[in-house]
**Q** 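Please read through the structure below; I'll follow up with questions.
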Amino acid sequence: MESTDASEAAGTATAYEGPSGDALLAVHGVTTGYGSKSVVFDVSLHVQPGEVVGIIGHNGAGKTTTLRVIFGILQAQKGKIVYLDQDITNRSPRKNVQGGIALIPSEQFVFADMSVRDNLLLGALNERSSSVINERMAEVHELLPILKERSSQLAGTFSGGQQRLLSLGTALMSGPRLLLLDEPSLGIAPALVTSLFATIKRFALERGLSVLVLEQNIGQLLRIVDRVYVMRSGSFILEETAEQMKKRDQYWDLF
Amino acid sequence: MQVLQLTVNGIINGSSYALLAVGFGLILQVTGRFHIAYTITYALAGYTASRLTTDYGASFWVALIVGMLVATVVGVLIEAYIYWPLGPRAGNFALLAIFTAALGLLTVGQGALGLILINSGTAQISGFNIAPEQIGQVFFINLDVYTVIISWALIVIVALVLGRTRLGRMVRAVRSNLTMSVAVGASPRMIYLVIFGIGSALGGVGGVLTSTKAAVASDSGQGAILYALTIAFLAGTFASVIRIAFVGLGLGILESLANLWVSPVWDPVIIYGLLLVYAALKPFDVVSKFRRPTLRSASASASEMAS
């Protein structure tokens with residue numbers, strides 16, 4: 001990653017250049033887009049085991065597209081994606097879920113016409129062992145008791161914040177090692193965002209879960225992430241640790 | 001006594017409607033495809049069974065199974081090679097493009113079958129001895145008994161598969177929320193193919209059973225499929241298989257009992273009148289079938305998915 005005019009203009013922080021050799025996820029120079037049109041260019045990033053990494057950027061910067069290509073929903077036109085030392089470039093979402101990658105989209109993140117319990121069971125769609133499913137269900141119920149209390153309630157009748165918790169529970173049911181979160185604060189009351197982010201951080205710490213989270217709410221994001229990538233117009237323009245970024249007086253010049 | 005006879009007639013016809021409505025309704029519900037070329041798989045199954053029994057001396061039961069398999073394969077091929085690839089190419093107009101393709105398939109298929117029938121002569125399934133049956137003052141034929149039993153057995157099997165298996169959970173996931181279904185690891189493309197297979201198989205069985213009573217024509221099943229469409233709409237966007245089936249049965253009984261007061265020639269008016277009333281009273285239910293975000297993005301995601 002090269003330091004650009006944005007980092008220079010943004011302040012005195014030095015771009016982070018940490019290790020990427022033992023990364024759980026490493027994206028090398030990926031270009032992707034829709035049809036023949038590229039919208040993300042030569043993107044590289046890495047996520048260490050147990051690390052929470054954020055990507056921030058303006059609307060249309062290419063954050064979601066980056067997440068979609070990692071998860072296999074979009075095809076990489078160029079570059080390589082390595083997860084657990086395996087090349088997973090253009091691997092199907094189904095195989096990525098089986099491999100321990102879970103995605104929570106920014107919208108439509110629950111099965112609204114199904115019960116909470118059915119949502120959680122769908123999270124474990126690729127797990128065939130009923131004992132493993134029961135174990136995971138018990139674990140999710142322990143972490144998020146509301147999902148046990150309202151097991152038979154239709155997901156669509158939950159509030160936005162509760163639906164977010166359900167989507168987290170659903171993702172955990174697949175037994176992930178890497179969680180991809182697309183704008184988790186979207187559509188949630190500000191008061192709930194703090195507790196939601198605290199829950200995400202707790203999952204990462206307690207379960208050794210790696211998290212790659214896209215977010216526009218920088219203040220909240222910096223409370224839970226270890227590192228941040230800044231994206232503009234389809235490319236990363238800056239990479240900093242959360243501590244480095246917190247020292248900035250303002251963030252608007254990053255967008 | 002007339003009421004009892006008409007009720008039995010309604011149960012027999014309603015069972016056939018239920019079978020077709022479940023097949024057509026599943027395709028519509030899960031994939032959002034307005035698959036009116038369903039008629040072709042229905043007629044093709046009947047035609048295949050008729051050729052097998054008349055030209056090759058196959059038994060009715062073998063012909064029924066082969067007819068069902070032919071319908072299944074044709075349905076799956078239509079989805080795999082026509083509808084699915086069309087989606088991403090048509091972009092925002094995917095639904096219209098797929099409907100137009102279905103209309104084209106229907107027209108071409110009916111034309112081709114018409115030409116074949118002109119050259120090969122009447123096609124009717126032989127090898128099944130149709131015999132009259134009577135319980136008290138109620139009359140029917142033995143084929144009617146098989147039609148009711150086979151239809152409901154298949155409906156129950158499909159309901160159990162969708163309700164109690166992992167495959168069923170995947171189907172419900174894709175139907176409910178395509179985005180999330182991909183996120184939890186379901187493969188929409190595979191599910192679409194499976195649903196086209198199941199739906200076409202049910203239509204194929206219906207086609208063979210009907211063609212045992214009456215000769216196959218190029219437009220065989222056209223009326224029945226329109227009834228199936230009506231039932232699928234009346235049952236509701238997210239109706240269960242059993243609910244669709246009972247709406248089909250109810251419509252069959254209602255249609256039959258209506259003959260107490262009106263001539264059977266008015267039957268289609270009654271059925272489509274119901275659809276018209278439904279569409280007028282609950283327009284959003286009808287429109288929502290074509291506006292679900294899952295419908296458009298399903299095909300669009302085809303080229304994006306690695307699998």
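Below, all heavy atoms of this structure are taken into account, side chains as well, without hydrogens, waters or symmetry copies. Chain A is the first sequence line, chain B the second, and so forth, proteins listed ahead of strands; every chain is numbered from 1.
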**Q** Side chain from CB out, backbone as N, CA, C, O: work out which of these in A:A112 comes under 4.5 Å of a heavy atom of chain B, or both, or neither.
**A**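 Answer is backbone: N, CA, C or O of A:A112 sit under 4.5 Å from chain B.
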**Q** In chain order, what residues pass the side-chain contact (heavy atoms from CB on, under 4.5 Å) check against A:R117, with sequence neighbours excluded?
**A**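 If we apply the side-chain contact (heavy atoms from CB on, under 4.5 Å) test to A:R117, skipping adjacent residues, the hits are A:S115, A:L121, A:M137, A:S151.
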**Q** Measure distances from A:V69 to the heavy atoms of chain B and classify the residue's part below 4.5 Å as side chain, backbone, both or neither.
**A**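 Neither the backbone nor the side chain of A:V69 comes within 4.5 Å of chain B.
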**Q** Can you tell me which portion of A:F111 sits under 4.5 Å from chain B's heavy atoms? Options are side chain, backbone, both or neither.
**A**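 Its backbone and side chain both get close to chain B.
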**Q** What are the two closest heavy atoms between A:K63 and A:G57, and how far apart are they?
**A**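 Scanning both residues, the minimum pair turns out to be NZ-O, 2.9 Å.
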**Q** Looking only at heavy atoms and a cut-off of under 4.5 Å, which of A:T170, A:I104, A:D118, A:V110 has the most pairs with chain B?
**A**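 Of A:T170, A:I104, A:D118, A:V110, A:V110 has the most heavy-atom pairs under 4.5 Å with chain B.
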**Q** Counting C-beta onward and ignoring hydrogens, is there a side-chain heavy-atom pair between B:F99 and B:I36 closer than 4.5 Å?
**A**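 Of all side-chain heavy-atom pairs linking B:I36 with B:F99, at least one is under 4.5 Å.
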**Q** Does some side-chain heavy atom of B:L202 sit less than 4.5 Å from a side-chain heavy atom of B:Y38?
**A**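 Yes - at least one pair of side-chain heavy atoms lies under 4.5 Å apart.
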**Q** Is it the backbone or the side chain of A:M114 that comes under 4.5 Å from a heavy atom of chain B, or both, or neither?
**A**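 Contact with chain B involves the side chain of A:M114 alone.
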**Q** Is A:S167 close to chain B through its backbone or its side chain, or both, or neither, when contacts mean heavy atoms under 4.5 Å?
**A**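 For A:S167, no heavy atom lies under 4.5 Å from chain B.
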**Q** The criterion is side-chain contact (heavy atoms from CB on, under 4.5 Å); which residues satisfy it with B:S240, sequence neighbours excluded?
**A**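 Partners of B:S240 under the side-chain contact (heavy atoms from CB on, under 4.5 Å) test: B:I242, B:R243.
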